[in-house]
Structures are given as structure tokens and as C-alpha cells.
Amino acid sequence: MAIVERLQTEVLLTAANQNRCIGREKPSLLLHHRDSHTQRLPPEILSLIFQHAAPHIDFEPDYTSHEGPFHWGGHKKYHRTRLLNRLRRVSASWREIINSTPALWTSFAIKISPRRLKTKTTFLRLCFENSGNLDVDLKIKF
């Protein structure tokens, strides 16, 4: 538990120091610095942390929403996709952990536009490859 608390503190300090890092190391690199506590964590623990940080998206209709039960859900649905893409860029080991955790690749909401079609197609291929034998919940907006 103490390790998790130290990691949370480290993440908060990294975010707070983001402005001071402009022109120097990127904040995400600080998370994976050789002296970082994240370097000492086993891949299994990092995988669990990533799964907790990017939970499965609930696509069930929300009948209590003032916007109707089948409302798209706004930017919250995209948070998971953005977060995983950012975490994958921290380091090669984080990318490997995320890519090899099928549960992280089972639900996504994406917007597809003609100018981003190739990027989104590549991402969808990555989702299906990394999800293993698990079902994938996907919501696509054109």
C-alpha cells in the first residue's frame, strides 16, 4: 500500500512540475526515470494500475440522463483511448505491458473522420490484435 501512495504522490508531483519541465524532459519521462518507483514495480502490478486508471467503458443506455438514454456520452468516452495512447509513449516497457494486457483493449469509443481514417484503422487493428480472445466493445462515431 505504501508503494501505491508513493506512486500517487509521484504522479501528482510530476503533474505539478509539468510547467517547469517545458524545454527539458517531458513529464511522462519523469514517471519512468531510472530513479522512479515505477521502475521497481513488477509488470503485473503496473498492468493492474493501468487497468484501474483506464477502466472498461460502460456503453449501456443511461435512462437517467437528461440528454436521453442513447446519448453519445461526450468526451468521457474518449478518455480511455487518449490515456492508453499517452501511457504507451512513456517507455518501451510500458508499451509492452499495455500491449500485452488484453483487458485494456476491450472497450473503446472513437471518432472517425476522412482525414484521420488511416490512423483510426491502425488503432482499431491494434485493439483487435491486443485484445486476445476477449470480446471488444466498440463505439464508432462518423
Side-chain angles (χ1 to χ4, degrees), residues 1-19 21-22 24-142:
M1 192 64 165
I3 291 175
V4 172
E5 290 172 0
R6 280 187 273 163
L7 282 172
Q8 289 174 334
T9 302
E10 193 168 330
V11 168
L12 290 173
L13 288 173
T14 301
N17 291 326
Q18 185 173 5
N19 290 335
C21 292
I22 295 174
R24 295 187 293 166
E25 287 185 281
K26 293 182 179 179
S28 60
L29 295 178
L30 294 175
L31 282 173
H32 202 66
H33 189 268
R34 65 179 174 80
D35 295 330
S36 172
H37 293 291
T38 60
Q39 285 284 9
R40 298 184 194 116
L41 289 174
E44 297 82 8
I45 299 298
L46 279 172
S47 175
L48 289 172
I49 291 170
F50 297 151
Q51 289 176 64
H52 180 72
H56 188 83
I57 299 171
D58 182 14
F59 289 118
E60 292 298 316
D62 182 3
Y63 294 102
T64 63
S65 172
H66 68 282
E67 296 171 340
F70 300 103
H71 183 262
W72 174 247
H75 71 289
K76 292 184 290 185
K77 301 280 189 216
Y78 303 111
H79 173 74
R80 184 172 209 245
T81 305
R82 288 187 198 118
L83 177 62
L84 289 177
N85 279 328
R86 286 182 183 137
L87 291 174
R88 289 178 74 242
R89 288 186 290 228
V90 170
S91 70
S93 62
W94 281 29
R95 183 172 42 258
E96 178 59 33
I97 292 167
I98 290 168
N99 286 350
S100 64
T101 305
L104 290 171
W105 298 96
T106 58
S107 67
F108 287 95
I110 62 171
K111 288 182 185 177
I112 296 182
S113 63
R115 66 183 177 96
R116 306 265 318 191
L117 185 60
K118 185 175 181 179
T119 303
K120 299 297 180 169
T121 304
T122 302
F123 179 75
L124 287 173
R125 187 174 298 118
L126 187 67
C127 290
F128 291 121
E129 288 172 359
N130 291 337
S131 65
N133 293 328
L134 300 178
D135 292 337
V136 176
D137 293 328
L138 183 62
K139 192 163 195 171
I140 301 174
K141 185 174 184 177
F142 292 93

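What's counted below: heavy atoms across the whole structure, side chains too, no hydrogens, waters or symmetry copies. Owing to the predicted nature of the structure, the values given are computational and were not obtained by experimental measurement.
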Next on the checklist: For a quick test of reading the model, state the closest non-hydrogen atom pair linking Thr81 to Ala109 and the distance between them.
Outcome noted: OG1-O, 3.6 Å
Next on the checklist: Return the CG to CD1 distance between Leu124 and Ile140, rounded to the nearest 0.5 Å.
Outcome noted: 5.5 Å
Item to check | Separation of Asp137 CG from Cys127 SG (nearest 0.5 Å) | outcome: 11.5 Å
Item to check | Point-to-point distance, once rounded to the nearest 0.5 Å, from CZ of Arg89 to CD1 of Ile98 | outcome: 10.5 Å
Checklist entry - Would you say the side chain of Leu126 lies within less than 4.5 Å of the side chain of Arg88, judging by non-hydrogen atoms? => result yes
Checklist outcome for this item: To the nearest 0.5 Å, atom CZ of Arg115 lies from atom NZ of Lys120 at 10.0 Å
Item to check | Spacing of Lys139 atom NZ and Ile110 atom CD1 [to the nearest 0.5 Å] | outcome: 13.0 Å
Next on the checklist: Just so I know, are the side chains of Leu84 and Leu104 near enough to count as touching, which here means a heavy-atom distance under 4.5 Å?
Outcome noted: yes
Checklist entry - Quick one: are Ile49 and Leu41 in side-chain contact, heavy atoms under 4.5 Å? => result yes
Item to check | Side chain proximity check, Thr106 to Asp135, heavy atoms < 4.5 angstrom | outcome: no
Checklist entry - Does the side chain of Ile97 come within less than 4.5 Å of Leu87's, by heavy atoms? => result no
Next on the checklist: I need the minimum non-hydrogen distance between Pro102 and Gly132, along with the two atoms involved.
Outcome noted: CB-N, 4.4 Å
Next on the checklist: Test side-chain contact (heavy atoms from CB on, under 4.5 Å) on Leu117 and Ile112; report intermediate values, then the result.
Outcome noted: CA-CA 6 Å; Leu117 185 60; Ile112 296 182; 3.6 Å; yes
Next on the checklist: With a 4.5 Å cut-off on side-chain heavy atoms, are Phe108 and Arg80 touching?
Outcome noted: yes
Checklist entry - When you measure from the side chain of Ser100 to the backbone N and O of Glu96, does any donor-acceptor pair fall under 3.5 Å? => result yes
Item to check | Gln51 versus Ala103, closest heavy-atom pair with distance | outcome: OE1-CB, 3.6 Å
Checklist entry - Can you check whether Phe128 and Trp105 have ring centres sitting under 6.0 Å from each other? => result no
Item to check | Non-hydrogen side-chain atoms of Thr119 and Arg116 separated by less than 4.5 Å | outcome: yes
Item to check | Nearest heavy atoms of Ala53 and Leu83, plus distance in Å | outcome: O-CD2, 3.3 Å
